[in-house]
Amino acid sequence: MTRYNAKETEIKWQRAWDDAACFAVTEDRSNPKYYVLEMFPYPSGRIHMGHVRNYTIGDVIARYKRARGFNVLHPMGWDAFGLPAENAAIEKKVPPGDWTYENIAIMRDQLKTMGLSLDWSREIATCHPGYYRHEQKMFLDFLKAGLVYRKESWVNWDPVDHTVLANEQVIDGRGWRSNALVEKRKLPQWVFKITEFADDLLDDLQTLERWPEKVRVMQHNWIGRSEGARVRFPFTEPGATATESEIKVFTTRPDTLFGASFCALSPNHPLATDFCGRDEKAAAFVAECNRLGTSEEAIEKAEKLGYDTGLKVRHPLAPEIELPVFIANFVLMEYGTGAIFGCPAHDQRDLDFARKYDLNVTPVVLPPQADPAEFTVGSEAYVGDGSIFNSRFLDGLGVEEAKRRVIEELESLKAGTGTVQFRLRDWGVSRQRYWGCPIPVIHCDDCGVVPVPESSLPVELPTDVSFDKPGNPLDHHPTWKHTNCPSCGKAAQRETDTFDTFTESSWYFARFCSPRSENAMDRQAVDYWLPVDQYIGGVEHAVLHLLYSRFFTRALKRCGYLDLEEPFEGLFTQGMVCHETYQDDAGNWLQPTDLRRDDAGNPVTASGKPVSIGRSIKMSKSKKNTIDPTEIIGTYGADTARWFMLSDSPPERDMEWTEAGVEGAWRFVQRLWRLITEDVASLPAAGSAAPASLGAGAADMRRTTHKTITDVTDAIEQFRFNRAVAKLYELTNGLTSSSGTGADMLWARREAFEVLVRLFGPMMPHLAEELWQRLGHDTLLVDQPWPVAESSLIKEETLTLPVQVNGKLRATITVPLDETEDAIRTAALAEPGVQRAIDGKEIRKFIIVKNRVVNIVV
RNA sequence: GCCCCCGUGGCGGAAUUGGUAGACGCGGCAGACUCAAAAUCUGUUGCCUUCACGGGCGUGCCUGUUCGAGUCAGGCCGGGGGCACCA
């Protein structure tokens, strides 16, 4: 008996697929297309189990669809710009480009050992000028189309590293790496106008039927559409401020306008800035507000604070009412107009603020059944529905009606307008980084911001950069940024900021359609391949990457690159790969490979110290609970790793990687190998005609085989791979225990083997290919069509019917399909278990659900 | 605080969408083979009760709808995720 040699076999078939160029595709219109895409990896240096899970799922779909006759595009590339390359440059003195391309080479080899059905001829790396030059062109086109603009915005500035930090990189108000106190600074930033499509991006979520509901909800919340009104509050004194004669506020509750008791400005509001110029204490207050970070934690703890400017505004619908104007720390400049009116009775924040500064609290919404003479608001604002009171012409109206009525009134008085506000903000893409796509503009003292002419693209990154100084190496480079203005020819400077790396991943799926084209994308290629039929990746990209890609697709359409709105027709978000964690008695994390078992079977360190086992969490370097996929593939082969990935856990859920689980998968690989190779000699030759008639045993086997085709096909279609795996186990178990040497039986057995091999082919492609050959075929299994179940075989002739008495199972009877009710009744009553349960009681009802269940009510 | 998802054996999970709860795998137990072990194979494995036949209980908890509920409805409890001074 030979053991299956995974290592040799896998390499052999990978070469065979490669030699036959099985997975290289063109725009072949004789077959329907199917585009399978997994989120491309960042070339960090090694693949991890998350990649293995992601690409295994994608490969099952790609191979399955291919077998179903689709022309399948299944490409792979590298999301190659990013901060880790710069960190490596600083720590290891390796240029970021070299580091990245080396990592790509390593990871490409690692991925190839998985046996994925990828069209490697389409490989792309986003850090290659052949890729990012098109992105620069897109930027210029977006600029022309008004989809990009430049804006002063507040950023987290690290004064030591001289760079902008993302919110996630600010920890307790300090830079994550420099540990310096982060400052808020106003810097000019390039911004993509994603809000241009806010309504479309929201409305079209409804068309994404093959997206997880969860992701659609998250995007829905992120876009955050609110209907309300902009209302103008004029200052009581015309010269109150130098710039404006009024405060514009946004509210979703115009119905509570008569409950207003103050207005508040964001500390960053232009009016506040203006006022601070004349009031030192106000300036000190604003400085204090800016010092507090924007982290959730800081916000949570911060008390609601305000500074009374002493200015007053008039109520827009009741000019005799004057309201004080505060600068308040809880008003955000980024949302609405950066100013609010406060209605303490019906908003908790406003109420807290009003109590602190002793402002009026006038209720204007009366809860149902409440007495208007009695109702007051204490420490809790009333935010529910009700009827309006204390509000002049609105009295007696419901909340919704009052909103409409107020907006009408405001509009007729030109004191405000009904409006829609989004939470979604435009996408700032400027990063003070080296390892990203250069933003193709030039700053000229005379001409201002001048786009780089298309003929001068790409603006390539210099390779001779130094990371010795803090800040952006592009800025320090002796020559790179110095150039001439394309407009007037005078000496000018290049933009040294680069794009946010989410930019590259916002259109790579389109580049795969024509990866070597001189254009960003060939129209006939994207028209043929897009949209991506099935996109697969982690749920952590539910909002940013997926939303940016949806934006980019719309922007590209507007600029004539392609003609569709939604890039991803189907989306599947897979769960994380988890593993137990281990700590020694000092609390140090231990790697799974650092453990051994003592005589009692308890885990101990190499030196024999006790180890505590922690709960299973996502594999991460910091907790040291990672398993290296290359080691697993080296030991067990890719098929075993793939099979285990698909077994047990549903793919959308987190799974736990266990040694026992891998070994179980490995045993199954060996079992399949033995089952088929040991038996093949006794079987009729491949392609033998079916015997004239089949005995009961052979017919039974055929029924099981064809039922399995249906079950596995359905399971794969529904991404229920764990169920597909279970059905394949069942078929295998059945074949292991079946016997019989008749010609009909052996013929049915060959059929079962061939079906089995073809069904697990997408999951364990190398083993399947090898067994297909050993079954006597000289074709490649990957070129075989998916098996089709013969529906006539699947139909059962008899079925087992449960018999209940008062809803409790008492017996089962075996009856022919579609048996008459009378016969079922007789058979059911003949069961001793049924008789015992009836126990001579009167039968009140006899329920027979056809081919389902029998229930006797006594 | 708001929105969403999930609670089934020792464990991962099935259950044709209201019709035999626990498929399949892992683990455990018993046995076969073996000088022995590994590997492999066979049987068994929700809980309680009974010598046995059998009986009772059981899908987080409580109510309800139904001939029949893991599945539907209402209310709790627990876990997870997303958003959040968003006006």
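Residue numbering restarts at 1 for every chain, and letters A, B, ... go by the order of the sequence lines.
- Applying the 90° cutoff around 0 to the glycosidic angle, B:U71 is assigned anti.
- Here, B:C61 and B:G10 have their P atoms 14 Å apart, quoted to the whole Å.
- When the nucleotides B:C86, B:G19, B:C83 are ranked by their closest atom to the side chain of A:Arg349, B:C86 comes out on top.
- With C1' as the reference atom, B:U34 and B:G54 are 42 Å apart, rounded to whole Å.
- Close to B:G55, at under 4.0 Å from its OP1 or OP2, lies a side-chain N or O of A:Arg836.
- The glycosidic torsion of B:G9 lies within 90° of 0, placing the base in the syn range.
- Nearest to the side chain of A:Arg720, among B:A14, B:G12, B:U40, sits B:A14.
- The nucleotide whose nearest atom lies closest to any side-chain atom of A:Asn855 is, among B:G25, B:G13, B:C67, B:C67.
- Distance from the side chain of A:Asn722 is smallest for B:G13 among the nucleotides B:C67, B:G13, B:G54.
- Salt bridge status for A:Glu842 with A:Arg844: absent, with no side-chain N to carboxylate O gap under 4.0 Å.
- Using a cutoff of 4.0 Å between basic side-chain nitrogens and carboxylate oxygens, A:Asp700 and A:Arg703 are scored as salt-bridged.
- The nucleotide whose nearest atom lies closest to any side-chain atom of A:Lys808 is, among B:C57, B:C85, B:A14, B:C57.
- Judged by distance alone, with hydrogens and angles left aside, A:Lys304 brings a side-chain donor or acceptor within reach of the base of B:C85, the pair sitting under 3.5 Å.
- Listed nucleotides B:C86, B:C41, B:G19 differ in distance to A:Gln804; the shortest reach to its side chain belongs to B:G19.
- Of the candidate nucleotides B:U16, B:C67, B:A87, B:C67 has the atom lying nearest to any side-chain atom of A:Ile847.
- Of the listed nucleotides (B:G13, B:C41, B:G19), B:C41 has the atom at the smallest distance from the side chain of A:Arg674.
- Annotation: the span from A:Leu728 atom CG to A:Glu730 atom CD amounts to 9.5 Å, rounded to 0.5 Å.
- Within 6.0 Å of atom NE2 in A:His545, more than 12 heavy atoms from other residues, nucleotides or ligands are found, so the atom counts as buried in its surroundings.
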Residue pair A:Arg723, A:Asp711: steps toward the salt bridge (Lys or Arg N to Asp or Glu O under 4.0 Å) verdict: CA-CA 8 Å; A:Arg723 241 175 78 95; A:Asp711 290 344; 5.1 Å; no

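- Remark: A:Arg667 is not in phosphate contact with B:G25, judged by side-chain N or O atoms under 4.0 Å from OP1 or OP2.
- Distance from the side chain of A:Ser649 is smallest to B:G13 among B:C57, B:G13, B:C85.
- Residues A:Glu656 and A:Glu580 meet the side-chain proximity criterion, which asks for heavy atoms closer than 4.5 Å.
- Within the nucleic acid shown, A:Val331 comes within 4.0 Å of at least one base atom, counting heavy atoms only.
- For A:Thr812 and A:Tyr729, each mapped to the nucleotide of RNA chain B holding its nearest heavy atom, the one lying further toward the 5' end belongs to A:Thr812.
- Of the listed nucleotides (B:G55, B:G25, B:A14), B:G25 has the atom at the smallest distance from the side chain of A:Asn733.
- Counting any heavy atom pair closer than 4.0 Å across all strands shown, A:Arg671 reaches sugar-phosphate atoms only and no base atom.
- Using atom C1' as the reference point in both B:G7 and B:U16, the two lie 23 Å apart (nearest Å).
- At a cut-off of 3.5 angstrom, counting only N and O atoms as typed in the model, there is a donor on one side and an acceptor on the other between the side-chain of A:Arg425 and the base of B:C86.
- Counting any heavy atom pair closer than 4.0 Å across all strands shown, A:Val849 reaches a base atom.
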